[in-house]
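This is a predicted model, so every value here is computed, not measured.
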Amino acid sequence: MSRREIKKIIDAEKIAAGEVVDRPANIVKELLENSIDAGAKEIRIVVKKAGKNLIQIIDDGYGMPPDEILIAFERHTSSKIVKIEDLEKLDTLGFRGEALASIAAVSQVEITSRVKENERGVNIILKAGKCVEKKEVFCPIGTNIKVKNMFYNIPARKKFLKQDPTELGHITDIIQRYSLAYPQIHFIYNHNELNILNCPGLNDLKTTVFHIYGKKVAKLMELVNYEGNNIKLHGLLGHSEISKNNRTYSSLFLNKRYVISDLLFRAVQEAYKGTLMIGKFPFFILHLEIDPSVIDFNVHPKKLHIRFENEEYVYNKVYNIVRLFVEEKFIQKEITHTYSDLSEFSQNEKELNGSTFYKDSESEIVAKGNHPKVINDKEVNKGEIEQLKSLSLEEVPIEKSVQLNLSNKDDISERIDKSSAESFLRGDYVLIKNFPKLRLISQTGQLSNKTYILLEGINENGEGGFYILDQHAASERVNKEYFFNYFQNSKKEKQNLINPLKVEVSPSEKFFLEANLKEVSKLGFDFEHFGGNTFVLRAVPTIMGKVPNIKIITEIISDLTEIGKEASFTEKLDEIINYLACHKSIRGGDDLSLKSIRKLIVALGNCKDSFHCAHGRPTLKFFSFKELDKLFKRRV
């Protein structure tokens, strides 16, 4: 290959614009940051066709003088920094001086702006970055900027834009983040003449959360406020009831800037340890304020990712602050609440036969006696607690262990009486010195980790042996084929709800549901828009049960919205069905009856692919007697 001559790139501005502007949401973000930096108290966002036709931002900030407005659209011009040392005391959102130039290079821009010193403002029109008209106009103080026909001059880039609901979801997400970052600013957001969000600038974060996420979420969030010598941390931390399946729902703001920081997310998540189920992530909105000189904001084209000078110090500081709060508000209070609920439940259920429970100061439960009554903390004699604590485990007089299990009657009837001889033989380990602890497996074949089930069988080659079944993987495969067949089948077996459920969603989730009501209905969920951000659920697929849990429904909507952010519903259908299949599956740790296990085996056998779960993992593995014979040297 011959050497090519180095030449100046033609239309370099259009190519470079791709670093800053690749979708309408990026334009909204950059313009919002300019309005905030200009000291706006009210910001109006008007969007048409998901930002592809129009993005308009109107603010009441300082405005721009007539002699500076054109300079603002030149590359690397800024009112925020002049030299690189200014980055060490950065207190604004914008600083590179690239955004307006990049936006103007790939769209048609009209801007009107006025400062308070002038009676009239200036209006300019730019096309492909070039000023085609400039005039004086009467207008209010502040800036009104319109960005029209994004990528009109770069068709190759325009075709990569996603469908309107996807692009609108990204725009809505960024507006929500900045509403949470600046609760003192009044944000008004409209799309195609419809009001999407109206967050009054009351400087109250909980009120903003209410307007974005709804009343229930706002009620389940606790204020946190810490101020130290060189760090401030304040915001809202969510109870475990509103935990999420991934961390993208939470918001972190560093010096009022929305950031994505793995370090800070890990610190908060670790601080929640012990309060959340496995696979769940805390929901929080936190503002961290520290000296800008120890932060590098200039490591990402969109300024979303950052670096700290001393990462270990920041991690430990955030962890310790959040952990103290979690222990006080969530762990201690929820333990008290749990025991209170347990007492009330047991006192009301006279037919329950069980032990008396005592709770000591370390929140340990000790069973004593065979009394049906459960007493409160206040009724416990301190002397008795100390006496119990001093006993070894073998000395505690327990006649029969008690487990409050809310299973159905069939499951309870199938349980083996633990005092029977067979139960003793199966349940107790054989304890002999210099020999492994051994015991017989349960009658159902389910191993003690309640994840794998041991089955005897014959493979397709007629070989005898045993199978190990992964109960979650098997259930996931059954559910995947159920939802897939349901989506493809014209005859739908739906469970109509006697009492339809009202479901509150966020603006992003609203767009997703509205755009995909037909597709979601094909999966068995009949939603109807009730008004605002509220939908009514009138039917569910029969697999969901007669009375679906509202928390599960809102979780499904949130996660499906997240899956559908990057592509259309049809493109993501397989991923959506995999998610639903996983969501409704038997979990590792679930205790199964003989009847449940046999039902699962029959359903798995009737699947098109019985041997792999929705994500490709094996559902069962076979071990032949021949292999065992070789293992034990019975065969050479």
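Minimum heavy-atom separation, Asn153 to Ala128: ND2-CB, 3.8 Å. The two residues Ile188 and Asn190 come nearest to each other via the heavy atoms CG2-ND2, 4.0 Å. Residues Ser179 and Ile212 approach most closely at CB-CD1, 4.0 Å, considering heavy atoms. The nearest pair of heavy atoms linking Phe138 to Glu119 is CD2-O, 4.1 Å. Here the closest non-hydrogen pair linking Glu42 and Asp60 is N-OD1, 3.1 Å. Nearest approach of Asp164 to Ala50, heavy atoms of both residues: O-CB, 3.4 Å.
Side chain of His287 to backbone of Leu180: a donor-acceptor contact under 3.5 angstrom is found. Ser250 contributes no side-chain N or O that, together with a main-chain N or O of Ile285, makes up a donor-acceptor pair within less than 3.5 Å. In this structure, Glu509 contributes its side chain and Ser506 its backbone to a donor-acceptor pair below 3.5 Å. With hydrogens and angles ignored, the 3.5 Å screen pairs no side-chain donor or acceptor of Arg266 with any backbone N or O of Glu270. No donor-acceptor pair closer than 3.5 Å links the side chain of Ser521 to the backbone N or O of Leu517. For Asn192 (side chain) and Lys49 (main-chain N/O), a donor-acceptor pair under 3.5 Å exists by modelled atom type.
Side-chain contact of Tyr213 with Asn533: a donor-acceptor pair under 3.5 Å is absent, judged by distance alone.
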(message) Between Leu264 and Val314, is the side chain to side chain contact (heavy atoms under 4.5 Å, CB included) condition met? List the steps.
(response) CA-CA 8 Å; Leu264 296 177; Val314 174; 3.7 Å; yes
(request) Determine, step by step, whether His234 and Glu289 satisfy the side chain to side chain donor-acceptor pair (under 3.5 Å) criterion, reporting the C-alpha distance in whole Å, the side-chain angles of both residues, the deciding distance to 0.1 Å, and the verdict. (result) CA-CA 9 Å; His234 58 93; Glu289 295 177 28; 3.1 Å; yes
(request) Please lay out, stage by stage, how Val47 and Ile45 fare under the test side chain to side chain contact (heavy atoms under 4.5 Å, CB included). (result) CA-CA 7 Å; Val47 175; Ile45 305 103; 3.9 Å; yes
(message) Using the rule given for side chain to side chain donor-acceptor pair (under 3.5 Å), can you reason through Lys280 versus Asn245, listing the C-alpha separation, both sets of side-chain angles and the distance that settles it, and then say yes or no?
(response) CA-CA 5 Å; Lys280 290 290 186 179; Asn245 286 343; 2.8 Å; yes
(request) Could you please spell out the steps behind the side chain to side chain contact (heavy atoms under 4.5 Å, CB included) verdict for Asn34 and Leu100? (result) CA-CA 10 Å; Asn34 284 345; Leu100 288 178; 4.0 Å; yes
(request) Could you give me the CA-CA distance, side-chain angles and deciding distance for Leu32 and Phe187, then say whether side chain to side chain contact (heavy atoms under 4.5 Å, CB included) is met? (result) CA-CA 10 Å; Leu32 277 180; Phe187 287 89; 4.1 Å; yes
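You'll find the side chain of Met64 reaches within 4.5 Å of the side chain of Ile111, heavy atoms only. A 4.5 Å side-chain heavy-atom check between Phe283 and Met221 finds at least one atom pair inside the cut-off. Inter-residue side-chain proximity for Met150 and Pro24 is flagged as met; some heavy-atom pair is nearer than 4.5 Å. Annotation: side chain of Tyr189 is not in contact with side chain of Gln176 (no heavy-atom distance under 4.5 Å). The side-chain heavy atoms of Tyr62 and Thr143, taken from C-beta on, include no pair separated by under 4.5 Å. Residues His211 and Pro200 form a side-chain contact, since some pair of their non-hydrogen atoms from C-beta on lies under 4.5 Å apart. Taking 4.5 Å as the limit, some side-chain heavy atom of Ile103 sits within range of a side-chain heavy atom of Leu31. Contact annotation: the side chain of Phe535 approaches that of Lys510 to within less than 4.5 Å [non-hydrogen atoms, C-beta and beyond].
Environment of CZ in Arg247: crowded, with over 12 heavy atoms of neighbouring residues, nucleotides or ligands closer than 6.0 Å. Atom NZ of Lys127 is surrounded by 12 or fewer heavy atoms from other residues, nucleotides or ligands within 6.0 Å.
Annotation: the span from Ser240 atom OG to Leu276 atom CG amounts to 6.5 Å, rounded to 0.5 Å. Between the CG atom in Leu580 and the CG atom in Leu523 there is a gap of 6.0 Å [rounded to 0.5 Å]. Glu555 contributes atom CD, which lies 7.0 Å from atom OG of Ser243 (distance to the nearest 0.5 angstrom). Of the inter-residue distances, the one linking Ile290 atom CD1 with Tyr313 atom OH reads 8.5 Å to the nearest 0.5 angstrom. Atom-to-atom distance recorded for Lys232:NZ and Asn255:CG is 10.5 Å, nearest 0.5 angstrom. Atom CG in Asn149 sits 6.0 Å away from atom CG in Asn53 (nearest 0.5 Å).
In this structure, Phe330 has its ring center under 6.0 Å from that of Tyr272. Aromatic ring centres of Tyr258 and Tyr182 lie farther apart than the 6.0 Å criterion allows. Between Tyr226 and Phe325, a ring centre-to-centre spacing not shorter than 6.0 Å is recorded.
Here Glu504 does not pair with Lys502 in a salt bridge; the nearest charged N to carboxylate O distance is not below 4.0 Å. Using a 4.0 Å cut-off between charged side-chain N and carboxylate O, Asp173 and Lys29 make no salt bridge. Glu193 and Lys48 are joined by a salt bridge, as a carboxylate oxygen and a charged side-chain nitrogen come within less than 4.0 angstrom of each other.
Exactly one of Lys134, Lys135, Glu133, Lys130 qualifies for a side-chain contact (heavy atoms from CB on, under 4.5 Å) with Ile125. That residue is Glu133.
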